[in-house]
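Below is one structure, written out as structure tokens; the observations come after it.
Excluded from the calculations below are hydrogen atoms, water molecules and symmetry mates; all remaining heavy atoms, backbone and side chain alike, are included. Numbers restart at 1 for each chain; the letters A, B, ... are given by sequence-line order, proteins then strands. Please read all numbers here as calculations on a predicted model, not as lab measurements.
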Protein chains: 2
Amino acid sequence: MPKKSKKSQAKQPPADNLSHAKVAEAAVHLLDTRGTRGLTMRALAEHLGSGVMSLYWYVDNKDGVFDLALDFVMQYNPPASHDLDTIDCRAGVIAILQDWREVMLKHPWSVFLLPQRTLGPNILTRLEMLAKILSRAGVQDSALNTAIWSLWNYVVGATTTRVSFLIQMEKSPDPPVLDDSFTLISQSGLLMSDDWDGVFLGGLDMLLDGIIEDA
Amino acid sequence: MPKKSKKSQAKQPPADNLSHAKVAEAAVHLLDTRGTRGLTMRALAEHLGSGVMSLYWYVDNKDGVFDLALDFVMQYNPPASHDLDTIDCRAGVIAILQDWREVMLKHPWSVFLLPQRTLGPNILTRLEMLAKILSRAGVQDSALNTAIWSLWNYVVGATTTRVSFLIQMEKSPDPPVLDDSFTLISQSGLLMSDDWDGVFLGGLDMLLDGIIEDA
DNA sequence: ACCTGAACACCGTTCAAGT
DNA sequence: ACCTGAACACCGTTCAAGT
């Protein structure tokens, strides 16, 4: 029989109560497994075993769900501050950006969402960390913002490109056939590039040269 | 009376016949004026004075509309090839990237779409152009792909950030209030940055140093 | 070859209510 | 304070037809 087997003892509070954290986690799960289009309020509610409209207690609208998911995934544990003094600036920056990039590659939807949503606390923490390392390394206050934005742009750009190639390859394994007019880039195999990690680190080195040299 | 005033002379082919170009143009118009969410198949059909399903003759599905719109906006007229010989490599690259960036800033939706769709012919033309200039300036074949992707990543990243700040400012004019824990970035006014063009050109210079120096 | 309306299986969200 | 179902005004797309 479908009824509860337990003897009724008044309203047992449902163990599956909602919370911001639960909504966030469920949203991430759906995004990871079914992509951006797979995240619907109805699917989310079903996954949580709740009514659809219950979600709206924790969130203003669907964009709120995206914000929760994004911040959930961007969780960041800054290194203890006494480590900060001993660490090399260059290595520190690279570590932050690599960790950031890895998070986004693990949750490909996040890189498309990141620039479309407001900056959550976890992202701000990462930026603050960058500021701390750079200024300790002697980057002037006047150059700090430019430096941080350059690094931000770099990670976002590089990871976006990377993810979009992953998606493209998933859809059709071989690169598109190129017209005769594209002799150079078809010769060089631009669209068949595969050393993405190398390109990432190489470009980052160039950028850091420019940033730190001025300090 | 609502009837045609002209005397019926058999089927006058409707002047508003559809075509790929017309669909593309209408889609761009809707995207520009109503944003990504404002582009629906129904709105598009209404704007064109056709039935909704007529669109599907020119396009497989809605993604096809996005592809048309993106390529339409990315139209590119490469400089005549005799100009190519006289032009400075650095100036040439900057000109291409600046034009590209301006196009995207004029159609903010395009920068979010770009990494999500397949590369249309107009974008490929821009990449081929970059390849031509760089290799003429002596960038080795082995370094060419890395150089092009670095530049690509840079424009995409920088423009994405720029556009997302424009949108944010449109929604609420003042930057978000920062917690006490974000002392450095609130001191430096990171989120109130306003010299975007300067940051763009500055970072590009650093990048080009790295690319051309090795040549 | 090109265009169409009706119908289907979805969406996000408002509302008025329940506990 | 927290949760809910019914209903509304939309979506993209399939299908079976029309010219």
Less than 4.0 angstrom between a side-chain N/O of [X] and OP1 or OP2 of [N], yes or no?
| X | N | result |
| --- | --- | --- |
| A/S50 | D/dC3 | no |
| A/N17 | D/dA1 | no |
| B/Y56 | D/dT13 | yes |

In this structure, which one of B/L151, B/T159, B/L201 forms a side chain to side chain contact (heavy atoms under 4.5 Å, CB included) with B/L97?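 Exactly one candidate clears the test, B/L151.
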
What orientation do A/W149 and B/F165 show, parallel under 30°, tilted 30 to 60°, or perpendicular over 60°?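 Ring orientation, 0 to 90° scale: perpendicular.
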
In whole Å, what is the span from the [atom1] atom of [X] to the [atom2] atom of [N]?
| X | N | atom1 | atom2 | answer |
| --- | --- | --- | --- | --- |
| B/R37 | D/dG12 | CZ | C1' | 16 Å |
| B/M41 | C/dG5 | CE | P | 15 Å |
| B/L18 | D/dT19 | CG | P | 19 Å |
| A/E46 | C/dC11 | CD | C1' | 15 Å |
| A/K62 | C/dC10 | NZ | P | 15 Å |
| B/W57 | C/dC3 | CH2 | C1' | 9 Å |
| B/D60 | D/dG12 | CG | P | 16 Å |
| A/L39 | C/dC11 | CG | P | 11 Å |

Nearest to the [X] side chain among [options], which nucleotide is it?
| X | options | result |
| --- | --- | --- |
| A/N61 | D/dC11, C/dT13, C/dC3 | C/dT13 |
| B/M53 | D/dC3, C/dA6, C/dC3 | C/dA6 |
| B/R42 | D/dG12, D/dC3, C/dT13 | D/dG12 |

Please give the distance between the C1' atoms of C/dA16 and D/dC3 as a whole number of Å.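 C/dA16 and D/dC3 have their C1' atoms separated by 13 Å.
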
Is [X] salt-bridged to [Y], going by a charged N under 4.0 Å from an acidic O?
| X | Y | answer |
| --- | --- | --- |
| A/R37 | B/D63 | yes |
| A/D99 | A/R126 | yes |
| B/D67 | B/K62 | no |

Evaluate the side-chain proximity of A/Y58 to A/K22: yes if any heavy-atom separation is below 4.5 Å, no if none is.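 A side-chain contact under 4.5 Å is absent here.
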
Need one value for B/S54: base, sugar-phosphate or nothing, where a base atom within 4.0 Å counts as base even if backbone is also close, heavy atoms only.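 Base, at least one base atom sits under 4.0 Å.
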
Below 6.0 angstrom between ring centroids: does that apply to A/F66 and A/W109?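 So the answer is no for these two rings.
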
Stem list, DNA chain C (Watson-Crick or G-U pairing under 3.5 Å, at least 3 consecutive pairs):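 Runs of three or more consecutive pairs: C:4-8 with D:12-16, C:12-16 with D:4-8.
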
